2 protein chains.
Amino acid sequence: MVRRSSKRKQNQVKGSAFKLPQLDAEQSSNLFTPLEVLRPEQLDQIHDASMRILEEIGLEIVNERSKALMVEHGATLCSKTGYVLMDRALVMDKISTVPSCFKMHARNPKFDRMVGENYINFCPVASAPNCSDLDNGRRTGNFEDYCNFLKLGQSFNAMDTFAGYPVEPIDLHPATRHLDAYSAFIKLTEKPWHCYSLGDGRVEDALEMIKIARGITDEQLKQEPSIMTVVNTNSPLKVDEPMLDGLMLLAEYNQPVVVTPFTLAGAMSPVTLAGALAQQNAEALGVIAVTQMVNPGSAVMYGGFTSNVDMKSGSPAFGTPEYAKAVIAGGQLARRYGIPYRTSNVNAANVVDAQATWESQVSLWSATMSHGNLIKHSAGWLEGGLCASFEKFIIDIEMIQIMLQTLKGIDVNEEELALDAIEEVGAGGHFFGTAHTYARYETAFHTPIVTDWSNFETWEEKGSLTATQRANALYKQVLENYEQPHLDEAINEQLDDYVERRRREYGV
Amino acid sequence: MVRRSSKRKQNQVKGSAFKLPQLDAEQSSNLFTPLEVLRPEQLDQIHDASMRILEEIGLEIVNERSKALMVEHGATLCSKTGYVLMDRALVMDKISTVPSCFKMHARNPKFDRMVGENYINFCPVASAPNCSDLDNGRRTGNFEDYCNFLKLGQSFNAMDTFAGYPVEPIDLHPATRHLDAYSAFIKLTEKPWHCYSLGDGRVEDALEMIKIARGITDEQLKQEPSIMTVVNTNSPLKVDEPMLDGLMLLAEYNQPVVVTPFTLAGAMSPVTLAGALAQQNAEALGVIAVTQMVNPGSAVMYGGFTSNVDMKSGSPAFGTPEYAKAVIAGGQLARRYGIPYRTSNVNAANVVDAQATWESQVSLWSATMSHGNLIKHSAGWLEGGLCASFEKFIIDIEMIQIMLQTLKGIDVNEEELALDAIEEVGAGGHFFGTAHTYARYETAFHTPIVTDWSNFETWEEKGSLTATQRANALYKQVLENYEQPHLDEAINEQLDDYVERRRREYGV
C-alpha cells in the first residue's frame, strides 16, 4: 500500500501520472422516459402529411440505379416531374425490416457500442472546414489538427464513436485524403468511425480498410456493422447521385447509414415547424426505404436536423426553441417507426462563450431527453459547424459527462438512505466527520474536468481564468499525455500497403 | 403605413423607440410530462425513510409557540433530545390540506400568477451579498444596484415575481432596510414580491405595506396570497425561532411560505443522494405540516435545494449531476403530496463564462422538466449565490425565454403542415420566396435578445464581442429605457407615511 502510494507520488512529480478524472469507457443508456412535445394526434397528423408528400409530390432521386430499384419494389414515377412516388403501404412495408438496434463493432471490442432503443452514444464534431484554439486562433483545417482531434476523441471515454472528419484536412490531396484520414482513424483510435458516402469508390476503400483493421472477411463485415455514414438529402425532396451510390454499397454490406434531411425551416423546408417536420419525415423514411430495398434488415438510422434560419440574415440558427422542439418531435417520429435516432449537439456562436454553451445545452438536453441514440457533433462544434474548437471540445466533454452521470439515476437502499448517520449527527450538526461520509467521500460525487468551484478570492489568486481558458490548458495536457493504442504490426503493414497501392492507383 | 414606418425610424434616431424583443407578460405553463429519475419503489423508499426520520429522530423546533402547537396537534417530544416527533399519519393528515395551486396577487392584476400544478414561474436572484458588472467589477450590495435589479425584473416579462432582495442593500440601516426595500418593490415594480421571514415584526410591516399597495383589507389579504417568504431549515433537522415566528404569522394570513431545507449532501445532509433526499423530505414535510396546523389550507410550497459540496474544498457545487437528479427527484416527491414545487437556477462559477452557463442550463432544464412551479434565482445568480451579476441576468433571461418558447409546443394544422408550399417549391428549391414564408417570416421564430448569429467575419467586424459583453450593453440599455410604473398618488403617500412612521418607531 505504501509502496504504491509513494510510487504514485513520484510519478506525479515527474508529470507522467496525468490522470484525467473521467467516466469509464462503457455502454451508456438512458433511464428517462422520452420527452414528448407532440400530442398523439399531432404525431399522426405529421405522419399523415409526410405520407402525402411521398405519395403525391415524391422525391427527386438523382441516381438511376436507386430509381430503378425503387420502381422495381413498387414505386412509380410522377408523369409531370419524374419524381419517385411511394404510397404509404409501400413505405411502411419497407421500413418494417429496419432493426430497432444494432451493434457497432470497433477494432477494440471494448469500444463496441449498441445503437438504438435506450442506448445513447456521443461522437465528436464532424466536417468542420476550420478549427481554432486560443493560442493560434481560427485556421483552415489541416491534417495535424485533424489528428489532434482524433487523439482527443480516443482519450475521452465520453466519446463512443467518430462520425466524420472532426476537421477537414485541407492540406492533403483531395483525391487521396480519405486514405490518410481513414488510416489515422484506425491507427490513432480504437473506436468505430465513419466514411463519407461520396460515390462508391471511396466507400470501397473504407470497407477494405475496416476489414484489414479488424482482420475480418466480407462475410463477417456483413454480419457486423463497423463503419457508419451520413446521407444528407439535398432538401427539399432531392437525393444526390454520389450519396445514393455510397448508400447502396453500405446498405449491401449492412453498414449503418444515417439518413439526415437538412431541413432548415424557412430555407430548405417550410417556415412552420409542422411543415418542416413533415418534410423531414418524408425525406428520411423515403431514403430509409431504399436501404431496406437494397438489403432488408440492414442497419440504418433516422436523422433529425431540423432547425430554423435567422430570417433577418438567412444564417442557420441552432440551440433555439425551434431546434429543441424539432429534436424532441423527431424522437417521437423515429420511435413511432422503431428506428434508431440520430441528433446533434449544435450551436451558432463564433466564440466559446455563454452563447456557445447555452445553445449546446439546449441541444444536448433535447437530444438526450428525446432519446437520441447517436448524438453527433457532440464535442467541439462551433459556428454552426464551420469551426471545430479545441476548447469547446473540452467544455462539451464536461457537459456530456454531467449528462451521463445524470442518466445513471440514484441508488436507493438502506445504506444510501443513511438513517443511522442522520441520527448520529442530530439536529444542527454536520456530516463531514461521520463514518458514513468518510467511507464514501472520494467517490460519492461526480468529478468534473474543467469546472472551478473555488471561492472568488481563490479563483482570483489562481489568475481569474474562465472555463474556456482552463479548457485550453486541459486539451493540451491531454494531447501531451495521449498514448497511441496498440495495433498489431502485421495489420499496420497491411494497412500501409493498401494505402500506398491505392495512392498510386489514384495517381497521387 | 409609410407614416408609421417613418415615425418609427425617427424614434429610433432619437433613441426613444427601444423595443425589447421579448415574450408577452402572461401565465406560463408546462406541456411536458415531468421527468422521473426515481422508480416508483425508490420513491416509496425515500418517502418511508423520511417518515422514519420524523417518527424516530424528529425535528429540533427552536420556537416554543410552534412546538406547543405541534404537540397540541398530536406530536410528541423525544424524551432524550426534546426534538418534536410526528408519526406519519399525523404528517400525512396535516399536509392533506395544502392547496395544489394558489394565485399570487400583484398590485397590477396583469401580473397575477398561478403557482402549482402545471404552471411555471420565474423570479430573479435573491439574497446575494455582492453584485457585479463588467464596468465596475464586484462590489458589496447597495441600494442603487438593488433598485436596478428591481427595474430589470420589472422590465422583463420572463420574470413573474420577486423572491427576495436581488442583492442586499448593505448601505441601508439594517433596522429599517426592509422598509426601503419593500417600498422599492412596490414603487419600481408591479409584480408580486417577497418578505424575509425573520421575526414577526418585519413580516407585519410587509403585510401592512402590501395591504396599502393593493388597497385591500386584512380579510381580502387572507383570501389573496400577495406576498411570499422562504423558510430555510437550519439543516440538519433544526428550525430556528425567527423563521418560525414569520412562518406562523404568514400562514395565519394565507401568504405562501416556501419551505426549503438547505441539504447540501456531504455537509448538512448525508453524502448519499438518497439520504439527502430523505432528510430534505422530512424537513420539508415537517415544517409544511406546521403551516397547516396554523391555518389549514394556507398556501405553501415544497422547496428542493439539495446539491452536493465539493469534497475537496467543502465549497457548495451547483448544476452538477447530483443537483440535476435531486431536483428531478424533488419534483417527484412534491407531486406525490400534491404540493407546489420550488426549485432554482443555480451555478457556482465566479465569472459569466461557459461554466456559469452550463451549470445554469443543467439547473434550468432539471427545474423545468421536474415541473418546478417557482424557479428561484432564475436570473442573475452567480458564485453559488454570493454575487448578483447584471450580465448573467440578461443571459438567464435569454435562456428562460428559449425554455418558455419550447414549452409552448408546436402548432399542427393544415396551414402549418404547408403541403402546398412544399409542392410549390418542389425538389431542390428554396422556401425564402414563397407566399407561405412571406406571410409568416416576421413572427415564425423566436427572437432572441443577446444571441448573435452573424457569420464569423461579420461578428469580427462588429468587434468580436462575447455574449457576456453584449449582455453588458443590453442591461444598461434596458435600465435607460425603464419607465417607472404608475402608482396611485394616494397610495404612494400612504406608503411613504407608513415608512416614515415606522422608521421613527425603529428609532432610525
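Sequence lines set the chain letters: A, B, ... in the order given, protein chains first and strands last, and positions in each chain run from 1. Note that this is a predicted model, so its numbers are computed, not measured. Any value given below was found using the heavy atoms of this structure, including those in side chains, with hydrogens, waters and symmetry copies removed.
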Problem - Heavy-atom contact with chain B under 4.5 Å, split by part of L59(A) - result: neither

Fill in the blank from the handout: In terms of heavy-atom contacts, N413(A) and Q45(B) come closest through CA-NE2, 4.3 Å

Practice task
To the nearest 0.5 Å, tell me how far D452(B) CG sits from Q355(A) CD.
Solution key: 6.5 Å

Handout entry: Among the listed options W459(A), F431(A), F432(A), F32(A), the residue most often paired with chain B at heavy-atom distances under 4.5 Å
Key = F431(A)

Fill in the blank from the handout: Cut-off 4.5 Å, heavy atoms of chain B, and the answer for V309(A) is both

Completion exercise
Okay, T33(B) and chain A: the region with an atom under 4.5 Å from a heavy atom over there is backbone

Exercise for the section: Output the distance between atom CD (Q42(B)) and atom CD (E416(A)), rounded to the nearest 0.5 Å. Expected result: 10.5 Å

Problem - Spatial distance of atom OG1 (T272(A)) from atom CG (L417(B)) [nearest 0.5 Å] - result: 7.5 Å

Practice task
Between chain B and each of I422(A), N130(A), I395(A), count heavy-atom pairs under 4.5 Å; write down the option with the most.
Solution key: I422(A)

Practice task
Pick whichever of T468(A), L273(A), V362(A) has the most heavy-atom pairs under 4.5 Å with chain B.
Solution key: V362(A)

Handout entry: Heavy-atom proximity to chain B below 4.5 Å, by part of F456(A)
Key = both

Handout entry: Side-chain ion pair, R52(B) and E423(A), N-O less than 4.0 Å
Key = no

Practice task
Would you mind checking which part of I57(A) comes under 4.5 Å of any heavy atom in chain B, side chain (CB onward), backbone (N, CA, C, O), both or neither?
Solution key: side chain

Exercise for the section: Would you give the length of the straight line joining atom OH of Y438(B) to atom CE of M311(A), rounded to the nearest 0.5 angstrom? Expected result: 11.0 Å

Completion exercise
Tightest non-hydrogen contact, residues I410(A) and A329(B), listed as CD1-CB, 4.1 Å

Exercise for the section: Could you pull out the closest heavy-atom pair between P236(A) and G426(B), with the gap in Å? Expected result: CG-O, 3.3 Å

Fill in the blank from the handout: Closest non-hydrogen contact found for V37(B) with G409(A) is CG2-CA, 3.8 Å

Problem - chain B contacts, top residue of G319(A), A317(A), A348(A) (heavy-atom pairs, under 4.5 Å) - result: A317(A)

Completion exercise
Whatever's closer than 4.5 Å to a heavy atom in chain B on M403(A) counts as neither

Practice task
Measure distances from M268(A) to the heavy atoms of chain B and classify the residue's part below 4.5 Å as side chain, backbone, both or neither.
Solution key: backbone

Handout entry: Proximity breakdown for L38(B) and chain A, heavy-atom pairs closer than 4.5 Å
Key = side chain

Handout entry: From T451(A) atom OG1 to D310(B) atom CG, the distance as rounded to the nearest 0.5 Å
Key = 10.0 Å

Handout entry: Residue selection (most heavy-atom pairs with chain B, distance under 4.5 Å) from H446(A), R138(A), E442(A), R440(A)
Key = R138(A)

Fill in the blank from the handout: Cut-off 4.5 Å, heavy atoms of chain B, and the answer for R39(A) is neither

Handout entry: Heavy-atom check, side chain of T320(A) versus side chain of F445(B), under 4.5 Å
Key = no

Problem - Top contributor to chain B contacts, counting heavy-atom pairs under 4.5 Å, from E60(A), E415(A), E383(A), K325(A) - result: K325(A)

Practice task
For Q405(B) and E322(A), indicate whether the former's side chain and the latter's backbone hold a donor-acceptor pair under 3.5 Å.
Solution key: no

Completion exercise
The interface call for T447(A) against chain B, heavy-atom contacts under 4.5 Å, is side chain

Problem - Contacting moiety of K312(A), where chain B heavy atoms sit under 4.5 Å - result: side chain

Practice task
Can you see which heavy atom on N455(B) is nearest to which on N350(A), and at what distance?
Solution key: C-OD1, 3.8 Å

Problem - Between CD on residue Q361(A) and CG on residue L364(B), distance to nearest 0.5 Å - result: 10.0 Å

Practice task
Please state whether the side chain, the backbone, both or neither of E391(A) comes within less than 4.5 Å of a heavy atom of chain B.
Solution key: neither

Practice task
Pick one of side chain, backbone, both or neither for E460(A), based on which atoms fall under 4.5 Å of a heavy atom in chain B.
Solution key: neither

Handout entry: Heavy-atom proximity to chain B below 4.5 Å, by part of E457(A)
Key = side chain

